[in-house]
2 protein chains.
Amino acid sequence: MKHKGILIVVSGFSGAGKGTLMKQLVHAYDNYALSVSMTTRKPRPGEQEGREYFFVNREEFEEKITNNGLVEYAQYCDNYYGTPREYVEKQLEKGKDVILEIEIQGALKIKEKFPTALLLFVMPPSAAELKKRLEGRGTESLEVIKKRLMRASEEAEGIENYDYIVINDKLEECVSQMHSLIQAAHFSPSRNEEFIENMRKELEAFK
Amino acid sequence: MKHKGILIVVSGFSGAGKGTLMKQLVHAYDNYALSVSMTTRKPRPGEQEGREYFFVNREEFEEKITNNGLVEYAQYCDNYYGTPREYVEKQLEKGKDVILEIEIQGALKIKEKFPTALLLFVMPPSAAELKKRLEGRGTESLEVIKKRLMRASEEAEGIENYDYIVINDKLEECVSQMHSLIQAAHFSPSRNEEFIENMRKELEAFK
């Protein structure tokens with residue numbers, strides 16, 4: 001049974017550890033490809049072109065939109081963020097499972113365009129733990145932490161739209177758990193239409 | 001995160017190896033309970049009360065129906081077949097994943113009553129392999145084999161109603177695959193309503 005790749009959307013609370021999880025997943029298994037978003041926002045110190053984001057100007061981004069070069073895009077705080085189409089489609093064709101990190105609105109747009117996309121929602125084991133992690137970063141003001149917790153509360157409303165929740169308690173276990181969920185998804189009927197169709201034709205031929 | 005058990009419905013082509021798979025699964029992992037059906041058909045040589053089936057007469061079966069003592073039931077060739085409710089509910093409550101073997105009509109009835117039931121469809125790697133296995137049994141006439149293949153062709157129409165297909169190529173791999181699919185199912189939002197609700201309440205409290 002040959003599989004085409006699955007498009008995997010990862011959302012979750014800020015502070016739940018999405019970034020680390022995804023990096024570890026790609027590192028631990030060789031069937032994943034990480035999609036890098038394109039943005040018009042300025043790079044922050046330490047960010048690298050093509051690693052955190054592809055940094056472009058407004059004009060270049062809007063040209064991408066016009067040419068249908070993005071799988072989805074959105075605007076936040078006057079900046080564009082989007083997923084370049086070419087990389088995603090090439091990797092899926094190769095049989096790689098392609099991972100995108102994206103918030104809920106984008107996730108729902110993706111699901112509309114790619115009905116077999118797998119939507120994962122990363123959560124800490126408890127809200128108290130989320131608060132602790134945000135505080136533990138030591139880089140955020142109390143006000144920013146409060147904002148993120150309120151944002152988490154909003155995002156939590158949308159969890160039922162996701163296929164699976166991923167509880168990030170211990171990192172290593174969570175990575176392996178995430179891998180299992182994605183592997184399981186490869187066995188849904190909607191992701192095996194060709195195999196099922198062939199089986200039907202073969203059975204039909206016995207009649 | 002404490003889980004209640006999941007009700008798992010296993011269907012699939014006759015000759016795909018459902019029975020062996022389920023036995024091996026229950027043997028290899030200790031979180032499963034195998035539901036035993038009740039029937040009015042006579043025991044075949046080698047069949048044991050409470051292992052293959054609970055054998056009852058028509059009157060006893062109809063009493064079970066009247067008392068809502070069955071999760072589902074159906075009639076084939078003048079015999080009743082059904083799933084006793086008490087065992088299923090007790091095991092689920094204990095946190096066990098309960099496995100039933102049932103054909104598609106029953107599977108759909110179960111899904112209606114238990115929306116979080118997990119539906120698995122067992123298939124051989126190819127139709128040619130199915131034919132080979134049916135012939136290899138050496139116990140069936142050509143006519144019976146033909147009938148089973150035609151029945152498989154009918155059943156194949158319903159595969160899209162299942163959550164996952166399970167390809168039984170190598171038994172051991174397939175058992176472990178089946179276990180992974182069931183474990184994955186424990187992480188769907190609909191099977192974690194309580195956990196998600198608690199998270200929401202906790203986050204709300206931070207506001």
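Below, read A as the first sequence line, B as the second, and so on, with proteins coming before strands; counting in each chain starts at 1.
In the displayed structure, A:Tyr81 atom OH is contacted under 6.0 Å by more than 12 heavy atoms of other residues, nucleotides or ligands. At most 12 heavy atoms of other shown residues, nucleotides or ligands fall within 6.0 angstrom of atom CD in A:Glu194. In this structure, A:Lys111 places its NZ atom where more than 12 heavy-atom neighbours from other residues, nucleotides or ligands lie under 6.0 Å away. A:Lys18 NZ: more than 12 foreign heavy atoms inside a 6.0 Å radius. Environment of NZ in B:Lys113: crowded, with over 12 heavy atoms of neighbouring residues, nucleotides or ligands closer than 6.0 Å. With a 6.0 Å radius and a threshold of 12 heavy atoms from other residues, nucleotides or ligands, B:Lys96 has its NZ atom above the threshold.
To the nearest 0.5 Å, atom CG of residue A:Leu203 and atom CE of residue B:Met123 are 7.5 Å apart. With values rounded to the nearest 0.5 angstrom, B:Tyr162 atom OH is found 12.0 Å from A:Ile196 atom CD1. In this structure, CE on B:Met199 lies 11.0 Å from OG on A:Ser153, to the nearest 0.5 angstrom. To the nearest 0.5 angstrom, B:Glu202 atom CD is 11.0 Å from A:Leu149 atom CG. One distance of note links OG of A:Ser188 with CD1 of B:Ile159; it measures 12.5 Å at 0.5 Å rounding. Here B:Leu134 contributes atom CG and A:Phe206 contributes atom CZ; the two are 9.5 Å apart, rounded to the nearest 0.5 Å.
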Worksheet item: A:Glu160 and B:Arg200: salt bridge (Lys or Arg N to Asp or Glu O under 4.0 Å), yes or no, with the steps?
Response: CA-CA 12 Å; A:Glu160 276 80 2; B:Arg200 281 177 182 149; 2.7 Å; yes
Worksheet item: Under the side-chain contact (heavy atoms from CB on, under 4.5 Å) criterion, do A:Val166 and B:Phe187 qualify, and how do the steps go?
Response: CA-CA 7 Å; A:Val166 176; B:Phe187 292 90; over 6 Å; no
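By number of non-hydrogen pairs under 4.5 angstrom with chain A, the leading residue of B:Ala127, B:Pro125, B:Ala184 is B:Ala127. Ranked by heavy-atom pairs under 4.5 Å with chain A, the list B:Gln183, B:Glu157, B:Met150 is led by B:Glu157.
Near-neighbour residues of residues 27-39 of chain B relative to chain A, defined by a heavy atom under 4.5 Å from a heavy atom of that chain, are none. Along residues 45-53 of chain B, no residue comes nearer than 4.5 angstrom to chain A, judged on non-hydrogen atoms.
Only the side chain of B:Leu130 comes within less than 4.5 Å of a heavy atom of chain A; its backbone N, CA, C and O stay farther away. For A:Ser126, the parts lying under 4.5 angstrom from a heavy atom of chain B are both the backbone and the side chain. If you measure heavy-atom distances from B:Ala205 to chain A, you find no contacts under 4.5 Å at all. Heavy atoms of B:Phe13 lying under 4.5 Å from chain A belong exclusively to its side chain. When heavy atoms are compared at a cutoff of 4.5 Å, B:Gln177 approaches chain A solely by way of its side chain, counted from C-beta outward. Heavy atoms of B:Lys131 lying under 4.5 Å from chain A belong exclusively to its side chain.
Closest approach of A:Pro124 to B:Phe195, counting heavy atoms only: O-CZ, 4.1 Å.
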